[in-house]
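Proteins come first, then strands; the chains are lettered A, B, ... in the order of their sequence lines, and each starts at number 1. Note that the structure is predicted; figures quoted are calculated from it, not measured.
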Amino acid sequence: MNAPNKSGWKPSMEVADATGESPTTTGNRALMLEEPLIFEIGHAEISGVDLPEIAPGAPTRLGGLDRSEPVGLVGLTEPETVRHYTRLSRQNYGIDLGFFPLGSCTMKHNPRLNEKVARMPGFADIHPLAPQNSVQGALQVVHELGEWLTKLTGMPAVAMSPKAGAHGELCGILAIRAAHEARGDAREVVLVPESAHGTNPATAAFAGYRVEDIPATPEGRVDLAKIKERLGPDVAAVMITNPNTCGLFERDFRAIADAVHEAGGYVYCDGANFNAIVGRVRPGDLGVDAMHINLHKTFSTPHGGGGPGSGPVVLSEALAPFAPLPFVRKDEETGLYELVEEEAREATRGNTFGRMTAFHGQMGMFTRALTYMLSHGADGLKQVAEDAVLNANYILRSMEDVLHAPFADSGPCMHEALFGDKGFGGDLSTLDLAKGLIDEGYHPMTVYFPLVVHGAMLVEPTETESKATMDEFITAFRSLVERARAGDESLKQAPYFAPRRRLDETAAARKPKLAWKEPEG
Amino acid sequence: MRYLPLTDTDRKDMLATIGASSIDDLFVDVPAVAQLDGPIRDLPMHASEMAVERHMKARAAKNLAAGDAPFFLGAGAYRHHVPATVDTVIQRGEFLTAYTPYQPEIAQGTLQMLFEFQSQVARIYGCSVANASLYDGSTACWEAVAMATRVTKRSRAVLSGALHPHYTQVVKTMAQFTGDTIADAQPTIQAEPDLDGLSARIDEDTACVVVQYPDILGRISDLSAVADAAHAKGALLVVVNTEPVALGAIKSPGEMGADIVVGEGQSIGVGLQFGGPYLGLFAVRDPKHVRQMPGRLCGETIDAEGKRGFVLTLSTREQHIRREKATSNICTNSGLCALAFTVHMTLLGEKGLRELAAENHRLACLAADRLEQVPGVTLLNTAFFNEFTLMLEGKPARDIVRDLADRGVLGGVSLGRLYPGVEALEHALLVAVTETTTEEDIETLAREIEASAKELAQ
């Protein structure tokens with residue numbers, strides 16, 4: 001575990017003694033620097049922005065509500081600010097740093113051209129309510145991205161305004177509900193696989209549906225026979241992820257879609273795993289009625305430490321009339337782009353379920369995603385899917401002899417490989433292995449999801465990884481698996497070398513400290 | 001292809017390891033009928049960085065950037081000067097390309113930043129706890145209504161007529177599906193909002209009353225009486241703020257008795273961005289409400305060596321644990337925008353925020369005075385922060401705004417754009433002024449409104 005690298009250096013295990021005493025006076029360890037909170041180093045009288053001083057006694061027209069109490073903030077000058085955040089940044093793992101095989105998240109490289117384009121003042125410095133004749137280029141970008149999405153998915157329409165994947169799921173489900181209500185056929189139930197991402201049942205429940213589980217077959221796929229058994233006049237929709245959260249393509253998708261349509265329901269497809277099939281398969285050809293696309297997954301917009309995302313939703317002919325407001329349309333005669341905001345207009349096709357957000361969508365993500373699509377083109381995107389699938393299968397076949405891969409025998413995986421903790425010795429868990437991976441210099445894979453496999457580990461390499469990177473990862477992963485199978489207790493205290501050891505999450509939840517409080521006395 | 005590291009040799013070797021003869025073997029589960037026989041036909045092939053940049057630049061060039069014209073638009077999105085340091089920080093790969101901090105040992109950068117962010121938002125809003133951000137102000141407003149219905153176990157929400165119409169529409173859209181009753185209204189053209197009228201609409205079935213502060217017409221009023229009226233009936237007061245800079249000059253909503261405070265943080269650090277991504281802020285005054293909050297929460301703890309650290313906490317509220325019983329279906333927050341906000345707010349600090357607010361208000365007062373001198377223009381507001389409503393005689397304000405744009409002036413947002421077809425609001429123009437507005441801009445606006453009104457009258 002402590003093998004020296006080629007130069008002979010090896011990290012010391014003596015990072016702290018039992019009392020937690022540090023080997024240095026500052027608590028720093030060379031380039032790994034401890035950093036206090038802004039409230040501990042800043043001051044109310046300091047500012048990093050030069051603004052005119054407040055003229056004493058200047059008249060105000062604030063309705064007598066002038067703020068008399070301090071806000072309670074502190075400030076730092078520019079050099080202090082840069083240093084504070086630079087130090088914090090160095091305590092973070094990111095794609096720029098290394099392999100980030102987080103299943104279901106598609107942690108691919110974030111191209112820097114995207115960042116440059118998003119910052120062009122013509123995109124970044126325009127107001128959403130600007131007169132439309134002054135922002136035609138921006139409206140064109142929204143429309144153009146929408147066209148790429150409809151062509152890539154083989155669907156006739158797209159709603160661009162949802163702010164994130166889960167928001168997109170909501171859009172799709174609300175369109176389905178609106179469609180049923182419009183024909184006087186309100187239904188109560190949505191079927192969701194047990195392996196689904198938590199947002200699926202949460203979304204369906206929010207929309208007022210009762211959620212029922214669909215079991216999986218032993219091959220890890222949705223059970224077509226069970227769905228057919230359950231379909232009826234009370235089932236509004238089926239929500240399926242394809243490829244599914246076990247990393248497998250739902251072979252029966254078309255048959256499922258046909259059965260659902262025959263029973264008067266609609267098919268919602270969770271497009272989180274689109275990276276496996278983009279440019280090679282069109283969900284529209286499989287009978288999808290609504291599918292959200294995570295621009296921050298398949299189309300490389302940055303994860304930013306948790307957001308922002310963007311979740312446009314492609315829609316079938318049946319659901320298109322119910323798309324939310326506002327949307328961009330192009331007048332083919334004049335060539336002008338228009339943001340349609342008003343319900344009464346014929347252009348809304350009469351039946352929109354309403355507005356989901358202020359303004360009209362995540363423009364900053366649109367410019368980035370369109371730049372990505374233009375860079376790759378139809379041929380590049382097809383290569384993306386193929387390399388993503390190739391990489392995942394390479395890892396699957398390189399690990400299956402030592403690590404339990406529940407579906408490895410039923411055929412290839414798609415863009416992610418699923419493993420379980422069967423065979424781990426002692427009381428070692430997937431969590432312990434994941435923490436061991438941290439010490440090896442990796443962000444762990446997704447753990448404990450999907451729920452259908454015990455101690456699940458979902459590995460999604462993406463296409464932007466070299467073979468050398470994957471080989472290194474496989475070596476480290478295999479060695480950790482060996483330790484887990486051998487019941488190596490030292491893994492229970494991992495990670496040893498990260499900026500922090502394991503954190504007490506129980507204490508955090510029991511006595512929540514969610515904001516800074518000045519220390520007493 | 002510049003983003004794909006695998007070589008053809010790699011691909012061959014890997015297929016051999018896998019035991020497949022071609023990549024098609026790995027797609028064997030996809031029905032043949034659904035597999036395309038080549039790249040999708042009506043899309044272009046790949047392009048160089050240079051070509052793509054050129055393509056996108058051409059689109060950008062067709063837009064009139066706010067910095068290239070006298071600019072007075074507000075109505076829920078404001079143009080402020082963002083210090084260069086903010087972009088430097090958010091461009092660091094360790095922040096930009098990081099994921100949600102589910103592995104806290106290697107995400108203390110994101111987590112500590114979120115804790116600082118939460119603390120700043122709570123203080124600005126006069127609340128005890130803020131979350132780690134939501135998508136934007138409008139969805140945060142809906143989440144507040146949803147939370148109020150959970151807390152009070154009631155299903156009616158009373159919305160002030162002077163709440164941003166997009167926010168009202170979002171709440172009404174969502175309520176269609178939850179079955180909550182939304183009692184909304186439209187703004188009335190009055191110097192001060194009718195808060196007594198609003199209070200009178202609160203009854204025993206009301207979960208919350210939602211008021212915007214400053215409101216859609218830029219008016220500011222003391223909300224303490226509305227808070228009392230709501231509490232007397234067992235309802236919560238939700239206050240919506242779309243311009244956080246205002247809170248550097250006026251009392252916080254928490255001070256006035258708000259139970260839930262939500263808003264749009266875009267003004268600080270984020271920029272206009274044509275409407276998104278923006279930054280939803282959400283805070284509660286009383287810590288007892290914390291477990292009903294939507295969205296992520298970052299909390300302080302210690303690690304195995306006793307060192308202070310931060311983690312996402314109280315996750316049992318969220319979708320990945322609770323699934324259909326979650327407080328919301330939300331997964332993503334607006335992380336990078338939260339970082340931009342917190343860096344900008346750290347640079348400002350207490351002193352800077354106060355000064356920024358004072359400067360905004362000073363220039364807004366100057367603008368209001370100058371614009372009132374234009375024939376046919378009347379200032380509606382008694383009180384305002386950096387945005388106010390002008391009543392324009394003659395042609396509808398929407399026509400004047402379009403005409404101004406043709407003259408190269410981005411002269412504000414007409415209420416006709418926000419409330420199409422509502423005659424009573426047709427002549428109202430919202431004008432926003434910030435520290436980026438110059439006295440020259442104000443003079444230009446005054447002159448051009450006068451010229452436009454004359455010309456359209458002929």
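Both the sub-6.0 Å distance and the 45° axial angle are not jointly satisfied by A:Arg355 relative to the ring of B:Tyr167.
Atom-to-atom distance recorded for A:Glu35:CD and B:Gln108:CD is 12.5 Å, nearest 0.5 angstrom.
Comment: A:Arg90 does not engage B:Glu94 in a salt bridge, judged by the lack of any side-chain N to carboxylate O separation of less than 4.0 angstrom. A salt bridge is defined here as a Lys NZ or Arg NE, NH1 or NH2 lying under 4.0 Å from an Asp or Glu carboxylate O, and B:Arg417 with A:Glu341 meets this definition. A:Arg501 and B:Glu105 are not joined by a salt bridge, as no carboxylate oxygen comes within less than 4.0 angstrom of a charged side-chain nitrogen. Ion pairing between B:Arg92 and A:Asp96 fails under the 4.0 Å rule for side-chain N and carboxylate O. Note on A:Asp125 versus B:Arg79: salt bridge recorded, some NZ/NE/NH1/NH2 to OD/OE distance being below 4.0 Å.
For A:Asn133, the part lying near chain B is the side chain, with the backbone staying farther off; criterion is any non-hydrogen pair under 4.5 Å. Contacts between A:Ala204 and chain B at a heavy-atom distance below 4.5 Å are absent for every atom of the residue.
Side chain to side chain, A:Asn92 and B:Thr110 meet the donor-acceptor criterion of an N or O pair below 3.5 Å.
Here B:His166 and A:Phe359 bring their ring centres to under 6.0 angstrom of each other.
The aromatic rings of A:His127 and B:Phe71 sit tilted relative to each other, their planes meeting at an angle between 30° and 60°.
A:Ser310 is linked by a side chain to side chain donor-acceptor pair (under 3.5 Å) to nothing, counting only residues two or more places apart in sequence or in another chain. Qualifying ring-ring contact (aromatic ring centres under 6.0 Å, His included) partners for B:Phe27, counting only residues two or more places apart in sequence or in other chains: none.
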